[in-house]
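I have placed the structure first, in the form of structure tokens, so that the comments after it can refer back to it.
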Amino acid sequence: MLSHRVQRLGRDWVCHWNVAQRLFRDGQAFQHMKRTASCFGACYSPLNPWDCPGSCRLPLLWSTQFPSLVQNSSIHLCATMKAEGDEPCVKRRRHSGDQDICHSPNEKLCTSPSDETSWSPPQLQCKEGSTPEPRGVVKRHWEYFCQQSKKMKVLVEDKPINQDHQDTLEKFDFTVMSYNILSQDLLEDNSHLYRHCQRHVLAWNYRFPNILADIKRLDADVLCLQEVQEDHYRIEIKPSLEALGYHCEYKMRTGRKPDGCTICFKASKFHLLSSNPVEFFRRNIPLLDRDNVGLVVLLQPLFSCKAPSATICIANTHLLYNPRRGDIKLTQLAMLLAEITSVAMQEDGRFCPLVICGDFNSVPHSPLYNFLREGKLNYEGLAIGKVSGQEQSPRGNRILTIPIWPPSLGISQDCMYEEQQKQLEKERERKETKEASLENSEEVVTVAKRSPTYLHHSFPLSSAYTHYLPDSGTPEVTTCHSRSAVTVDYIFYSAAKENTTAEPGAEHAFDGRLNLLGRLSLVTEKDLWAVNGLPNETISSDHLPLLAKFRLEE
């Protein structure tokens with residue numbers, strides 16, 4: 001009786017043989033062989049050796065002409081190719097009837113003619129004159145915007161906004177990346193999500209060089225990374241990023257979870273004023289028994305002519321995944337916003353410009369997403385499983401409790417720390433007493449009595465992405481694996497006054513002063529499955545990096 005190892009080798013050989021057989025039969029070489037056979041009267045037996053009784057001998061024409069035919073017809077037989085049955089059923093269904101999509105391995109990511117760089121993964125770099133095979137490459141490009149009107153208009157791709165020298169001196173431009181790099185431990189614990197992947201592309205020693213190469217190419221001034229595994233961060237990620245000129249701040253998840261969030265920024269462009277980790281776990285509050293975290297930093301630009309004291313608040317988080325626990329997600333978000341309020345508030349009571357990045361585990365236009373964008377949410381009668389928009393099954397229909405979180409958390413329904421809100425109310429009352437003639441619209445922060453089911457925050461936020469392709473309306477995606485392909489990653493920012501869609505009077509409480517100059521385009525689900533989903537040979541996470549360019553108005 002054969003050993004298990006020999007049996008397994010036999011099965012693998014048959015699997016690869018069947019793949020080669022299908023490719024061969026579909027190719028020009030096989031058609032040529034059939035025509036040759038009709039001329040010479042050759043008889044072809046089945047190419048599957050197990051269909052041949054006794055000893056399996058290939059036809060003479062196969063053994064004599066196959067090498068040259070293969071060479072002439074450009075047939076590639078890969079020993080690591082998986083059989084069609086190994087693909088997830090979701091992927092096979094999506095591929096049916098779809099045409100192959102052409103992806104360019106040399107997409108430009110330049111912000112100026114003198115700053116050109118190519119979107120070409122390490123495996124595709126080749127000697128001059130040769131043509132790389134674009135396996136696993138998706139086409140992404142820069143989209144720039146015109147800021148002259150309230151409604152931004154997309155400019156011609158890869159042509160930066162022109163600005164004269166005087167204008168450059170008065171502005172501060174910077175780029176921000178948000179990227180869930182996929183913790184190796186989480187990948188291995190959820191291996192069922194990556195059955196469509198070749199095994200070697202899932203190894204950390206294969207993935208990390210790709211991830212680092214992407215970071216180098218995109219060259220963001222600020223990095224907000226999620227699922228950063230602590231041992232990898234300490235041994236490889238942090239030293240590598242510091243060698244690229246980044247200063248790194250890290251917050252590990254609680255409960256001995258192996259990963260966390262990090263914010264890294266170029267030390268040549270920013271100075272760190274404060275770093276503020278946020279832990280969402282609360283031992284005495286049953287609702288908050290999860291180990292997610294956030295990180296909020298306050299940065300000062302190192303060169304800014306007109307306002308040397310200008311500051312920018314950057315926040316990064318990874319909210320709970322569970323689609324049926326919208327109550328936890330909303331509470332975690334409220335805790336993050338409370339910390340942002342505390343960090344971003346300036347001495348005059350206004351807020352400095354703000355960028356919030358992360359994996360929010362919520363889809364576009366869900367209640368949680370709309371709450372971030374609009375600054376308000378009435379959750380009365382809202383099902384707990386509908387908060388993030390992920391849950392499509394009947395489960396999660398329990399209605400959110402009123403209030404969602406207990407008073408002992410110390411956070412108001414305005415998503416502020418209770419102590420800070422009380423102090424602001426006292427200052428407002430004192431100001432009203434001294435300047436009773438002032439209108440309410442001139443107040444710095446308005447704190448009003450609200451319905452118990454009404455959540456509010458003070459930031460008029462915009463998304464750097466629209467989440468749909470402008471021409472076709474096809475949804476963009478930021479993550480893709482065997483179970484789903486959706487958008488859950490975002491870059492939110494405090495829009496400058498002329499671009500904000502917030503309620504009247506909001507600009508008195510928050511001076512955004514951030515203009516979106518451009519962004520790295522996203523792709524569709526079809527685009528990603530055309531390169532075997534994520535991760536693949538060139539994209540080494542199940543998320544895509546998001547990248548946006550902003551201008552700080554002085």
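Start at 1 with the first residue, then count along the sequence.
The closest side-chain donor-acceptor pair between H247 and E249 falls under 3.5 angstrom. For the residue pair N210 / S540, a side-chain donor-acceptor distance below 3.5 Å is found, with atom types taken as modelled. Remark: the R207 side chain and the Q184 side chain contain an N/O donor-acceptor pair separated by less than 3.5 Å. Side-chain contact, Q226 with D359: no donor N or O sits under 3.5 Å from an acceptor N or O. Counted by atom type alone, D414 and H456 present one or more donor-acceptor pairs between their side chains at under 3.5 Å.
Residues V297 and N276 form no side-chain contact, since every pair of their non-hydrogen atoms from C-beta on lies 4.5 Å or further apart. Taking 4.5 Å as the limit, every side-chain heavy atom of D259 sits out of range of all side-chain heavy atoms of D185. In this structure the side chain of I411 reaches within 4.5 angstrom of the side chain of M335, judged on heavy atoms. Residues T341 and C415 fail the side-chain proximity criterion, which asks for heavy atoms closer than 4.5 Å. No side-chain heavy atom of Y454 sits under 4.5 Å from any side-chain heavy atom of L377. With a 4.5 Å cut-off on side-chain heavy atoms, K329 and N361 count as touching. At a threshold of 4.5 Å between non-hydrogen side-chain atoms, the residues Y194 and H481 count as touching. You'll find the side chain of V176 stays beyond 4.5 Å of the side chain of D221, heavy atoms only.
For the pair C197 and N532, the tightest heavy-atom approach, listed with the atom from each and the gap, is CA-ND2, 4.3 Å. Minimum interatomic distance between L319 and T317 (heavy atoms only, all atoms of both residues): CD2-OG1, 3.8 Å. Nearest heavy atoms, P353 versus R513: CD-NH2, 3.7 Å.
Remark: the backbone N or O of L320 is paired with a side-chain donor or acceptor of Q332 at under 3.5 angstrom. When atom types are taken as modelled, the side chain of D527 and the backbone of V523 share no donor-acceptor pair closer than 3.5 angstrom. Formation of a donor-acceptor pair under 3.5 Å by the N536 side chain with backbone atoms of I539 is found in this model.
A side chain to side chain contact (heavy atoms under 4.5 Å, CB included) with C352 holds for exactly one of T311, V343, I312; it is T311.
Classification of the F174-F550 ring pair by plane angle, with boundaries at 30° and 60°, yields tilted. A parallel orientation is assigned to the rings of W204 and H232, their planes being inclined by less than 30° (bins at 30° and 60°). W529 and H196 have perpendicular rings, their planes meeting at more than 60° on a 0 to 90° scale where under 30° would count as parallel.
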Audit row: R483, D542, salt bridge (charged side-chain N to carboxylate O under 4.0 Å, His left out) steps and yes/no = CA-CA 11 Å; R483 291 284 180 88; D542 56 352; over 6 Å; no
Verify salt bridge (charged side-chain N to carboxylate O under 4.0 Å, His left out) between R253 and E279, making sure each step is shown before the conclusion.
-> CA-CA 8 Å; R253 282 203 291 165; E279 297 182 355; over 6 Å; no
Might you work through the side-chain hydrogen bond (donor to acceptor under 3.5 Å, both in side chains) test for E339 and Y417, ending with a clear yes or no?
-> CA-CA 8 Å; E339 185 65 26; Y417 291 125; 2.6 Å; yes
Give the intermediate values and the outcome of salt bridge (charged side-chain N to carboxylate O under 4.0 Å, His left out) for residues D214 and K216.
-> CA-CA 5 Å; D214 286 343; K216 287 181 179 179; over 6 Å; no
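Remark: K386 is not positioned above the aromatic ring of Y379, lacking an NZ or CZ atom under 6.0 angstrom from the ring centre and at most 45 degrees off the axis.
Listed by chain and residue number, L469, S472, T524 satisfy the side-chain contact (heavy atoms from CB on, under 4.5 Å) test with T474 (two or more places apart in sequence, or in another chain).
The existence of a salt bridge linking D173 and K269 is excluded, since no basic side-chain nitrogen approaches an acidic carboxylate oxygen closer than 4.0 Å.
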